[in-house]
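Each remark here refers to the structure printed beneath this line.
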Amino acid sequence: MAIRINKEKNIFALVGKNSSYVFTVESNQYIRHLHWGKRIDDLEDFELIPVDRIDSQDAAIDAMPEEYAPFGGLRFKSTAIKATFADGTRDIVFSYLNYSIDNDTLVIHLRDSYYKLFVDLYYKMFEDLDILQRWVEVENKGTSDIILEHIRSAAFNLDGTYFWSNQVSGHWSSEQQIHQERLYPGKKVFESRKGLTGNNHSPYFILNKNADEGHGDVYFATLAYGGNFRITIEVTQFHRVTILMGINPFDFNYRLKPNQKFTTPSVYAGYTKNGFSHMSNVMNDFCRNYLMPKEKRNTLHKVLFNSWEATKFDVTASKQIELAKKAAKVGVELFVVDDGWFGARNDDTAGLGDWVVNKKKFPHGLKELVDVVNDLGMDFGLWVEPEMVNPNSDLYRAHPDWIYYFKHRAPTTTRNQLVLNLSRTDVQRYIIEALDKLLTENNISYIKWDMNRPISEPGAKNLQLSDQRSSWYRHTTAVYKIVDKLRKKHSNVTFEACASGGSRIDYGTLQHYDQFWLSDNTDALDRLYIQEGYSYLYPIKAMRAWVTDVPNKITKKTIPLEFRFHSAMMGILGLGGNLTEYSKEELAFTKEKVSEYKKIRHIIQDGYVYRLKSLTYSTIHAVQYVYQQKESVLFVFLPGQRFIDKHYQVKLKGLDPDKIYEINKKDNIFRKHGDYLMNVGIHFILMGDYQSELVYIRAIE
Ligand code: GLA
């Protein structure tokens with residue numbers, strides 16, 4: 001049983017295979033954190049260490065590690081919830097009511113001591129993986145409105161102050177760049193104010209104490225929310241690190257009417273003493289087993305072709321048919337037409353919002369192309385950007401008030417587009433109907449859902465003045481509602497989340513979409529860095545990667561086709577080059593690699609990932625994937641020759657030390673014990689620029 005309770009001492013524990021999370025209710029008022037880390041079985045031993053007031057300037061309550069501190073009384077620290085009541089009181093005093101257990105979930109029931117604001121803290125431990133899910137539900141059981149000014153999903157408290165933080169930072173074309181830094185007293189804030197996750201930071205924390213890939217304490221938690229988020233990590237004066245996670249309080253409020261509830265997004269948190277690889281692979285399992293949309297969790301994703309880099313906006317039926325024929329010949333299983341197929345879409349200045357096929361480009365409708373693609377044995381997919389509208393579109397001309405805007409302010413465009421006000425139900429309906437029509441009338445199996453700008457001037461005319469600051473939140477949840485509706489009706493469709501590349505990568509999006517587009521930067525070397533950062537907390541099963549043409553459209557680098565394949569084969573393989581211009585040899589090579597990928601994709605998509613060597617610290621880059629200790633693939637890259645060096649040794653991970661493995665290294669086949677492979681490794685001779693190798697390893701039964 002994952003929930004243990006010591007009723008006498010009022011101690012609650014969520015217990016996993018190797019870790020426990022423990023807290024207590026103190027003085028019927030404070031939910032005080034006691035322990036997060038190695039599993040402790042006996043709750044009897046826990047005692048309350050007194051929290052003393054130091055002097056009148058530092059309140060004892062600020063030193064207490066609270067599970068969910070409300071703004072109120074002598075609290076000056078960052079708090080998890082703040083509300084304004086109808087009479088102007090802006091202060092919450094919790095009183096503990098009781099607890100309940102429902103469906104393996106522990107619920108701590110609290111209420112304000114005077115006002116009828118009820119707050120439930122939810123805790124659920126996924127025992128097999130030691131992942132703790134937390135979320136909060138509040139309800140107004142009074143007769144007047146309550147304004148929630150901020151409401152976080154969870155607070156975490158760690159003992160001690162010596163921690164390193166790992167986080168990604170980036171911008172368009174350089175997403176997911178990992179950086180590690182020592183924490184010092186004060187606050188470190190990672191957030192988005194853009195109305196979507198954004199590519200600047202990720203809604204998670206990873207804190208460690210001198211951990212590496214294979215060893216060391218790592219605490220991590222990720223917020224399942226793809227809108228404005230804030231992660232605040234504070235090294236406090238009281239020898240502790242406190243982390244708050246949730247919806248960004250920036251420009252936020254939510255009016256709770258009588259009898260209304262508000263549920264926060266969940267956070268998923270874990271602790272391991274086995275370093276970063278263990279964290280990543282626990283989360284690979286967690287996403288595949290529990291989190292990702294059920295319909296596609298257990299399928300191996302298909303090799304796709306995407307038209308974007310090959311044809312940009314110049315999409316016509318005849319050109320796409322030409323590409324489709326080539327794609328089918330090299331083994332592509334899914335043909336996706338990107339931007340440019342609809343409305344008056346000849347460039348990015350027009351057409352967004354008009355989700356009807358462009359008659360000039362497709363004189364016989366979309367069906368002609370879909371039929372050809374299907375006859376060639378491939379599935380068909382389409383790009384859409386449903387949350388957007390170009391001022392130059394029929395939709396905008398008909399409904400200029402359907403966008404977010406403020407009075408007396410001209411709405412700002414970026415990439416020539418405006419954001420539709422998704423808090424309006426008529427706008428939601430329009431999007432659902434337009435996409436449902438497309439999916440019903442055409443045999444579409446894949447939707448790439450893009451969002452190419454952040455939200456600005458978030459005025460929503462349909463909302464009352466006191467509700468205006470909820471529009472950011474309403475937008476994010478409306479996106480989920482729309483996708484879920486479409487998924488329900490069209491359960492065969494796979495959904496890819498894209499936002500100018502990787503601006504919508506988070507666990508909230510992952511609960512509604514099956515795949516992520518990581519970056520518009522398809523340079524195979526830059527991708528190694530982007531994919532590495534991504535792989536810390538996001539699942540490989542959702543990582544779409546394409547092989548594109550050289551010189552690369554963004555970086556202008558020319559990288560050999562084999563290196564480009566090896567880089568993209570580390571995720572869900574796609575092709576994005578102009579196949580009609582490939583030489584015979586290139587087509588043959590592409591066909592060979594696509595077929596090789598199909599043989600190993602279960603190892604990549606359903607296996608574990610090990611970052612063996614990183615270009616941040618090493619001349620070569622090496623990533624290994626392991627499937628049930630039976631099969632493994634190793635990718636090794638030398639981007640540039642260094643001095644006269646040529647000998648490199650790569651130690652493997654995740655194998656069975658006692659098993660004998662057969663290694664296929666460039667058709668040189670040999671056998672070694674797992675023990676040897678993991679402790680001595682495989683020897684490589686690599687010389688020159690852009691060298692890469694794929695090694696296939698399998699256990700001998
Ligand atoms: C964004 C996406 C690209 C492509 C274009 C189309 O930039 O990230 O992959 O779909 O939009 O306009």
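Nothing fancy with the numbering, it's 1 onward along the sequence. Keep in mind it's a predicted model, so treat the numbers as computed, not measured. Note that ligands are numbered from 1 as they come in the structure, with each ligand's atoms numbered from 1 the same way.
The protein atom (non-hydrogen) at minimum distance from atom 8 (O) of ligand 1 is D520 OD1, 2.5 Å. K448 NZ, 2.8 Å is the protein heavy atom nearest to atom 9 (O) of ligand 1. Looking at atom 12 (O) of ligand 1, its nearest protein heavy atom turns out to be D339 OD2, 2.6 Å. Here the protein heavy atom with the shortest distance to atom 4 (C) of ligand 1 is D338 OD1, 3.4 Å.
With a 4.0 Å cut-off on non-hydrogen atoms, S500 touches ligand 1 through its backbone and not its side chain. Of the heavy atoms in R415, only side-chain atoms (C-beta onward) come closer than 4.0 Å to ligand 1. Of the heavy atoms in D348, none comes closer than 4.0 Å to ligand 1. If you look at N306 next to ligand 1, there are no close heavy atoms at all, none under 4.0 Å.
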### Task
Show your working on side chain to side chain contact (heavy atoms under 4.5 Å, CB included) between V315 and Q320 and close with a plain yes or no.
CA-CA 7 Å; V315 169; Q320 298 299 313; 3.9 Å; yes
### Task
Would you please test E387 and R504 for salt bridge (charged side-chain N to carboxylate O under 4.0 Å, His left out) and show each step?
CA-CA 13 Å; E387 297 148 83; R504 207 177 229 170; 2.7 Å; yes
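For the pair K448 and W517, the cation-pi criterion (under 6.0 Å, within 45° of the ring axis) is fulfilled. Annotation: cation-pi pair R611/Y536 present, NZ/CZ under 6.0 Å from the ring centroid and within 45° of its normal.
For the residue pair E385/Q417, the side-chain donor-acceptor check at 3.5 Å is satisfied. Under 3.5 Å, the side chains of Y582 and D549 contain a donor-acceptor pair of N or O atoms. In this structure, a donor-acceptor pair under 3.5 Å is present between the side chains of W383 and D450.
The closest approach between a heavy atom of E385 and any atom of ligand 1 is not below 4.0 Å.
Within the listing of ligand 1, atoms 1 (C), 7 (O), 11 (O) sit less than 4.0 angstrom from a heavy atom of N452. Listed by number with element, the atoms of ligand 1 under 4.0 angstrom from any heavy atom of G501 are 8 (O).
Residue-to-ligand polar distances place D450 within reach of ligand 1: an N/O pair is separated by less than 3.5 Å. The shortest N/O to N/O separation between A499 and ligand 1 does not fall below 3.5 Å. Backbone and side-chain nitrogen or oxygen atoms of W383 are examined, and one is located within less than 3.5 angstrom of a nitrogen or oxygen of ligand 1.
The ring of W308 has its center closer than 6.0 angstrom to the ring center of F313.
Atoms OH and OG1, on Y538 and T509 in that order, are 8.5 Å from each other to the nearest 0.5 Å.
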